[in-house]
Amino acid sequence: MKSQTISLCMIVKDEERTLDRCLASVKDFIDEMIIIDTGSTDNTIAIAKKHGAQVHSYKWCDDFADARNFANQFATSDYILSLDGDEWISEDTDLSVFKETFKHEFYYLNIRNLIQVGVVENHSLIRLFKRGFSFTGSIHEQIDLGKYSSDEGGFLSAFINHDGYMESVVKNKNKKNRNRSLLEKEIRKNPTAFNYYNLGNQYRMEKHFDKAIELYRKSFSIDSNKAFTHKLLVNLVQCLFEKKKFKESLDILKDASEILPMYTDYYFYIGLVYEKLGYLRDAEANFIRCVQQGEVKDPFLISQQGVGSYMAHALLAKIYLSLGEVDQGWNQINLSIKNNPLYMPSFKIWMELHVNASHEDIIAKMNETFNMRDFEQISAILKALYQLRSPLLLEMQKIYNIEFDDEVHAWTLQVSNQFQKAKEAWNSKNNSSQVNRREVMYLSVVTKDIDFYKKHKVCINIKKKDHLLMEQIIRRESITAGNISPESADILEELFYDILTLKQYDVIEYFMINVQIPSIRFILAEQLKKFNFLELALDSIIEPAEQSEKYKIYSLAGDVLSHLGRKGNSYYYLDQARSAEQTFEAMFKIFNLALSVGDSKIKEDAVEQLKKFVPESPWAQTL
């Protein structure tokens with residue numbers, strides 16, 4: 001028999017998507033449900049009443065703490081459990097913990113923020129507390145412990161899942177402007193380190209990285225010893241990373257890791273910075289440390305799940321494959337999938353390793369690697385196959401008798417070379433914003449249909465001059481000069497990948513013969529290399545016209561030639577790349593090449609140069 005009673009208190013608005021899930025997860029241990037509705041226009045209230053909840057209306061006043069305190073006043077139980085509509089008690093929680101005698105006035109519960117399929121961030125918050133406590137803060141509200149209790153609280157072995165940070169949910173709820181406005185208002189009223197930190201998080205999520213950096217620094221200057229400081233530093237580094245401020249990122253992370261060495265996330269991000277810079281052995285060392293150290297165990301530390309396991313294994317696989325250490329790469333990707341078969345970046349690497357395998361072989365290997373009787377794993381794989389635009393998805397449809405939505409069905413038509421039917425399917429959409437740019441480009445180019453492109457080009461967000469280039473490509477015209485924007489480069493990368501996947505080789509031939517823009521041919525060569533068409537990749541590379549293009553083009557030529565075993569020619573182009581741009585990455589490739597052919601002089605010269613780079617490479621200093 002329970003020693004105490006529990007009231008569930010929630011504030012909701014338009015939560016019909018998730019409320020039933022939430023209330024069903026607590027029904028076996030809750031004594032009363034109190035739902036405060038702030039103006040729902042969907043079926044939220046009906047769902048709440050179906051579960052026997054008391055429903056009260058509340059006039060929203062841009063203050064979450066006030067709304068929660070309003071809810072708490074209706075509670076009659078000993079304790080209050082506070083949840084949001086997009087949260088639920090996880091299925092792997094032993095519900096008996098809610099029936100044991102509570103010894104503390106408040107309890108921290110584990111929160112799992114589901115960012116995307118297979119990606120989770122863990123932290124802990126006070127969600128269970130004695131009746132009489134109240135919240136403070138108009139947004140990101142918290143229990144005011146100092147005002148009510150000297151008790152240090154306890155931890156309850158229960159897990160709350162939260163999917164409100166999933167990209168599709170954030171987009172549909174359109175919370176960005178509301179949250180930013182509330183946070184800015186809160187800072188004017190109460191300019192604390194916590195509020196600056198939260199506003200920084202908001203700007204980071206909106207990809208305003210300069211503003212986020214400014215706010216994080218302000219928060220840190222006010223108080224650098226808060227419970228969230230460790231996460232603030234990680235978020236600050238993420239923003240600096242986006243702005244290519246790599247040395248500053250490393251300096252922050254290295255200082256922070258000396259203070260909090262058990263926080264695996266610091267080493268994970270050190271590894272990411274090194275990997276971005278091309279310091280692959282240093283990145284390797286940090287990801288190995290992540291695996292050895294494991295996941296963060298301190299429940300007070302906010303940590304990305306996987307930094308001490310599957311995410312680190314996946315990045316080690318990526319490093320080993322780029323170094324040509326294929327067996328090591330296979331080992332790491334299998335470890336990653338074993339730790340988390342739902343982590344799709346690992347599945348995508350796994351698929352790249354099978355790039356030229358038959359569908360029958362891939363399905364056989366899939367059955368060995370994944371649990372193909374698990375609905376969640378199958379669903380994640382199907383979603384990833386569509387993201388990869390892999391025709392294997394059609395084979396999976398036959399095996400598992402899947403029904404596709406309209407978008408996927410339209411894509412399957414073009415995979416089956418039913419181009420006219422595919423175009424009719426896309427043309428039937430109410431507006432072109434519902435059409436995927438990837439499909440528009442593929443169908444337009446493969447069928448040389450300029451009218452189809454013009455009809456839907458609104459979904460392709462590029463400048464007028466880039467549209468003119470795309471139209472030249474669709475008409476299969478000769479193109480001898482011009483520049484491409486980063487946005488157009490991304491579109492062409494998708495196009496070449498899809499063309500190679502679906503074996504539309506006549507389009508490749510057109511580019512090889514008629515398009516003489518080095519940057520476009522570089523993108524084509526990269527994709528040909530990915531599909532192991534090494535000779536064709538080499539033939540695709542043409543002499544760069546711009547100084548800014550020389551490094552990447554010469555570097556790719558050196559890589560392809562090395563894979564073909566033409567080491568002397570490889571060294572020549574890698575040396576040209578180094579001359580174009582002095583990077584650690586280029587020198588590291590030269591070092592590895594010299595090592596493979598036993599050229600001690602070039603190796604020693606490379607070592608001397610590697611030791612001079614800033615930021616310093618700890619690995620190079622040991623050579």
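A salt bridge links R281 to E325: one of the charged nitrogens lies within less than 4.0 Å of a carboxylate oxygen. Residues K247 and D251 are paired through a salt bridge, judged by an N-O separation under 4.0 Å between the basic side chain and the carboxylate. Note on K603 versus E608: no salt bridge recorded, every NZ/NE/NH1/NH2 to OD/OE distance being 4.0 Å or above. A salt bridge does not link K429 with E424: every distance from a Lys NZ or Arg NE/NH1/NH2 to an Asp or Glu carboxylate oxygen is 4.0 Å or more. Salt bridge status for R476 with D506: present, with a side-chain N to carboxylate O gap under 4.0 Å. Checked for salt-bridge contact, D498 and R438 meet the test: a charged N lies under 4.0 Å from a carboxylate O. Salt-bridge formation is detected for the pair E439/R389: a Lys NZ or Arg NE/NH1/NH2 atom is positioned less than 4.0 Å from an Asp or Glu carboxylate oxygen.
No side-chain donor-acceptor contact under 3.5 Å links E581 and Y554.
When atom types are taken as modelled, the side chain of S562 and the backbone of G558 share no donor-acceptor pair closer than 3.5 angstrom. Distance alone, capped at 3.5 Å, places no donor-acceptor pair between the S336 side chain and the I333 backbone. Between the side chain of R437 and the backbone N or O of K457, no donor-acceptor pair lies under 3.5 Å. In terms of modelled atom types and a separation under 3.5 Å, the side chain of S390 and the main chain of L393 share no donor-acceptor contact.
The closest side-chain heavy-atom distance from Y572 to K567 is not below 4.5 Å. Between V120 and N113, every side-chain heavy-atom pair lies at or beyond the 4.5 Å cut-off. Side-chain contact between R578 and T583: absent, with no pair of heavy atoms (C-beta onward) separated by less than 4.5 Å. Counting heavy atoms from C-beta outward, F370 and I337 have side chains that approach closer than 4.5 Å. Contact check for T480 versus I517: no side-chain heavy atoms found under the 4.5 Å cut-off. Within the 4.5 Å cutoff, the side chain of Y551 has no heavy atoms near those of the L556 side chain.
For Y269 and F241, the ring centers sit 6.0 Å or farther from each other.
Between I319 and A283 the shortest heavy-atom distance is CD1-CB, 3.7 Å.
The side-chain hydrogen bond (donor to acceptor under 3.5 Å, both in side chains) test with Y453 is passed by exactly one of R475, H467, E471: H467. Each of L272, N286, L253, I288 was evaluated against Y267; a single residue qualifies, N286, per the side-chain contact (heavy atoms from CB on, under 4.5 Å) test.
F209 CZ to E214 CD: the interatomic distance, rounded to the nearest 0.5 Å, is 15.5 Å. Going from atom CE of M351 over to atom CG of L353 covers 10.5 Å, rounded to the nearest 0.5 Å.
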How far apart are the C-alpha atoms of D361 and K365, what are their side-chain angles, what is the distance that settles it, and do they pass the salt bridge (charged side-chain N to carboxylate O under 4.0 Å, His left out) test?
-> CA-CA 6 Å; D361 287 345; K365 290 287 185 183; over 6 Å; no
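Ring orientation note: the planes of F584 and F588 are close to parallel, at an angle under 30° on the 30°/60° scale. Ring geometry, Y274 versus Y279: the interplanar angle falls under 30°, so the pair is classed parallel (tilted spans 30 to 60°).
Atom CG of N427 is surrounded by more than 12 heavy atoms from other residues, nucleotides or ligands within 6.0 Å.
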